[in-house]
Amino acid sequence: MPATVNAQRRIARLATLTAVHRAFHWLHLHQPQLRQWQLELVRIPAPPFGESARAAWFLDRFRDLGLTNIHLDDAGNALAELQPDATPSAASLNNIISTEAADSLTVRREVERPPYFAQPAIASSNSQPGETRPCILLSAHLDTVFPADTPIDPIEAPDSPRIFAPGICDNAAGLTALLAIAAALRHANITPPIPILFAANVGEEGEGDLRGMRHLFERGPYRTRIAAALILEGGGTSAAITRALGSLRFRVTITGPGGHSWADAGTPNPILLLSRALAQISNMNLPTDPLLTLNVGHISGGTSINSIPESASALLDLRSTDATQLISAATEVHQIFDDIVTTHSTTNTPLKLHIETIGNRPAATLPDDSPILHTLRAVDRHLVLRTELRLGSTDANIPLYRGIPSLALGSGGTGGGIHTLQEWYDPTGREASLRRILLTLLDTLQTTADQLPVHED
């Protein structure tokens, strides 16, 4: 496979550059700094639709690192850029890099300022409102599944590197990796050939419904510029999500007149009607190839034991890799509820059915011949890592659905108890995954830049 061989040659050359070694060295020496960042950010509550405090913390860290165009967008995503250096001195440095590696990246001649780079963080002259150059997105989601009042003080195990805290792995690990890559690039004075967009984004979990990513790719000013995306998600080193698991989520509510359990006996009971519908749904013949799953995750309704409830609600989640299957199953579910309500509604005891779509994550797949996948395989071969391609529901769903090359990558270390109060993370081995992310990012930047038209003066 020529594409794979070419990618392996590019990665081998890239890994020989002094600047890349400096970045690796920073990642090796500053593991305590990464741990401190992770402990700080996990203490800041970030429930769905309540990520603003953690986003503000990220803006401060972006400023510390000397990134540019630092801001919150209209969705609440914390954004910053690392821009190409347009100065003549930077361009001339290609002459001192070996010929084979000259097209891999540009090295900027500056005094190194590890581990922070406090300097005015103003919008770069290269980042004007009319900017049209492509950029590469590196992102990690801010939000957790936990309510704002959840106790989240991290507990550090006395005899191991393990940390316990809700959200410490998903996604404090990914957010820490986002800062680590930015810091390593700045320390090594690596200037990308095209901009890197760093995003600590909102709305990945649950009813957030990927709203941060939707804004970036559908409504925000970067929507036409992002050429590829690397999404940092939780722990792990070898996994890469290339298939986006689609889902449809509904809040179903049946309402009626309600009443007293004795005096109004015979009035349709929304809880019982909801239960009948759910019993029918449980008997649906769901496809297995490809697999479609259906879950009822929450039921609510009623006031007291001696009251006929006025309403009853349920939350339903359907998942599949096949969009047609999802629509077909959702149609059948809708019909079951509609039939139940229509059958039991009368003029004197009218019933109403309301089905609200609260989640719609598109299914998609990264093609096997995608250049970014060739790059990842080459990086893993160079680092002697396995490449485990997986299916998942992540922020990558949105760019993959829109045909934009994207990978969701683990941020290193190991974790467990995800989405529980007993969640834990062990950063042991995190450095290997950070190298993987860095090399994949650098090669993706250059291969994207190489496809741009050359403008002659």
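None of these values were measured; they are calculated from a predicted model. Residues take their numbers from the sequence shown, with the count starting at 1.
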Peer 1: Whether the side chain of His215 engages the backbone of Arg211 through a donor-acceptor N/O pair (distance < 3.5 Å, no angle test) should be reported.
Peer 2: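 Such a contact is absent between His215 side chain and Arg211 backbone.
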
Peer 1: Apply side chain to side chain contact (heavy atoms under 4.5 Å, CB included) to the pair Leu230 and Thr440, showing each step before the final yes or no.
Peer 2: CA-CA 9 Å; Leu230 296 176; Thr440 303; 4.0 Å; yes

Peer 1: Under 3.5 Å, side chain of Thr68 to main-chain N/O of Glu81, donor-acceptor pair present?
Peer 2: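 Judged by distance alone, yes, a pair lies under 3.5 Å.
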
Peer 1: Considering residues at least two apart in sequence or located in another chain, which fulfil the side chain to side chain donor-acceptor pair (under 3.5 Å) criterion with Glu423?
Peer 2: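 Not a single residue meets the side chain to side chain donor-acceptor pair (under 3.5 Å) criterion with Glu423.
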
Peer 1: Which pairs, with at least one residue in residues 164-175 and sequence neighbours excluded, count as a side-chain hydrogen bond (donor to acceptor under 3.5 Å, both in side chains)?
Peer 2: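 Listed once each, the pairs are His141-Asp170, Asp170-His419.
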
Peer 1: Please list, chain by chain and in numerical order, all residues satisfying side chain to side chain contact (heavy atoms under 4.5 Å, CB included) with Leu79, sequence neighbours excluded.
Peer 2: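 Side chain to side chain contact (heavy atoms under 4.5 Å, CB included) check on Leu79 returns His71, Asp73, Asn77, Leu197, Ala199, Leu216, Tyr222.
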
Peer 1: Could you name each residue pair satisfying salt bridge (charged side-chain N to carboxylate O under 4.0 Å, His left out) that touches residues 193-206, not counting sequence neighbours?
Peer 2: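 Those involving residues 193-206 are Glu204-Arg361.
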
Peer 1: Any sub-3.5 Å donor-acceptor pair from Ser411's side-chain atoms to Gly234's backbone N or O?
Peer 2: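 Checked: pair present.
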
Peer 1: Sub-3.5 Å donor-acceptor pair from the side chain of Arg223 to the main-chain atoms of Gly220, do we have one?
Peer 2: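 Present.
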
Peer 1: For a side chain to side chain donor-acceptor pair (under 3.5 Å) check, start with the C-alpha distance between Glu388 and Ser238, then their side-chain angles and the critical distance, and finish with the verdict.
Peer 2: CA-CA 6 Å; Glu388 297 180 2; Ser238 57; 3.3 Å; yes

Peer 1: Pair Leu82, Leu185 - check side chain to side chain contact (heavy atoms under 4.5 Å, CB included), show working.
Peer 2: CA-CA 9 Å; Leu82 182 59; Leu185 289 168; 4.0 Å; yes

Peer 1: Identify, with sequence neighbours excluded, every residue that meets side chain to side chain donor-acceptor pair (under 3.5 Å) alongside Glu431.
Peer 2: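 Partners of Glu431 under the side chain to side chain donor-acceptor pair (under 3.5 Å) test: His28, Arg435.
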
Peer 1: Kindly say whether Ala330 contributes a backbone atom to a donor-acceptor pair with the side chain of His334 at under 3.5 angstrom?
Peer 2: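 Such a contact is found between His334 side chain and Ala330 backbone.
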
Peer 1: Mind running side chain to side chain contact (heavy atoms under 4.5 Å, CB included) on Phe146 and Leu421 for me, showing each step along the way?
Peer 2: CA-CA 9 Å; Phe146 303 99; Leu421 297 179; 4.1 Å; yes

Peer 1: Looking at residues at least two apart in the chain, or sitting in another chain, which of them share a side chain to side chain contact (heavy atoms under 4.5 Å, CB included) with Thr176?
Peer 2: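 With sequence neighbours excluded, Thr176 shows a side chain to side chain contact (heavy atoms under 4.5 Å, CB included) to Leu34, Gln38, Leu41, Arg430, given in chain and number order.
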
Peer 1: Between Gln83 and Arg133, is there a side-chain donor-acceptor contact under 3.5 Å, judged purely by atom types and distance?
Peer 2: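 There is such a pair (donor and acceptor under 3.5 Å, judged by atom type) between the side chains of Arg133 and Gln83.
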
Peer 1: Residues two or more places apart in sequence or in another chain: which of them pass side chain to side chain contact (heavy atoms under 4.5 Å, CB included) with Thr428?
Peer 2: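 Result, side chain to side chain contact (heavy atoms under 4.5 Å, CB included) vs Thr428: Pro161, Asp426.
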
Peer 1: May I ask you to check whether Ser313 and Thr253 show a side-chain donor-acceptor distance below 3.5 Å?
Peer 2: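 Side chains of Ser313 and Thr253: pair found under 3.5 Å.
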
Peer 1: Picking from Pro290, Pro287, Ser328, what satisfies side-chain contact (heavy atoms from CB on, under 4.5 Å) with Asp322?
Peer 2: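 Testing each of Pro290, Pro287, Ser328 against Asp322, the sole residue satisfying side-chain contact (heavy atoms from CB on, under 4.5 Å) is Pro290.
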
Peer 1: Please, which pairs that meet side-chain hydrogen bond (donor to acceptor under 3.5 Å, both in side chains) have at least one residue in residues 394-406, sequence neighbours excluded?
Peer 2: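 Output for this query lists Asn201-Asp395.
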
Peer 1: Side-chain contact, heavy-atom cut-off 4.5 Å: Thr18 with Arg22?
Peer 2: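 In contact.
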
Peer 1: Judged by atom type as modelled, is there a donor-acceptor pair below 3.5 Å linking the side chain of Thr16 to the main-chain atoms of Arg13?
Peer 2: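 The answer is yes, because a donor-acceptor pair under 3.5 Å joins these two groups.
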
Peer 1: Quick one: ring pair (Phe, Tyr, Trp, His ring centres under 6.0 Å) partners of Phe217, sequence neighbours excluded?
Peer 2: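 Partners of Phe217 under the ring pair (Phe, Tyr, Trp, His ring centres under 6.0 Å) test: none.
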
Peer 1: Determine which pairs satisfy side-chain hydrogen bond (donor to acceptor under 3.5 Å, both in side chains) with at least one residue from residues 148-168, sequence neighbours left out, and list them in order.
Peer 2: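 Output for this query lists Arg35-Glu156.
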
Peer 1: May I ask you to check if Arg61 and Trp57 form a cation-pi contact, with NZ or CZ under 6.0 angstrom from the six-membered ring centre and within 45° of the axis?
Peer 2: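 Geometry flag: set, cation within 6.0 Å and 45°.
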
Peer 1: Give a yes or no on whether Arg381 atom CZ has more than 12 heavy-atom contacts from other residues, nucleotides or ligands under 6.0 Å away.
Peer 2: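 No - once you tally the heavy atoms of other residues, nucleotides and ligands closer than 6.0 Å, there are 12 at most.
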
Peer 1: Holding to side chain to side chain contact (heavy atoms under 4.5 Å, CB included), I want the full list of residues that pass it with Ile358, two or more places apart in sequence or in another chain.
Peer 2: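 Listed in chain order: Glu207, Arg249, Arg251, Leu315, Glu356.
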
Peer 1: Test of understanding: with ring pair (Phe, Tyr, Trp, His ring centres under 6.0 Å), list the residues that count as partners of Phe58, not counting sequence neighbours.
Peer 2: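 In terms of ring pair (Phe, Tyr, Trp, His ring centres under 6.0 Å), with neighbours along the sequence ignored, Phe58 is linked to Phe62.
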
Peer 1: May I ask you to decide whether Arg436 forms a salt bridge with Asp380, counting only side-chain N to carboxylate O separations under 4.0 Å?
Peer 2: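 Between Asp380 and Arg436 there is a salt bridge, with a charged N closer than 4.0 Å to a carboxylate O.
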
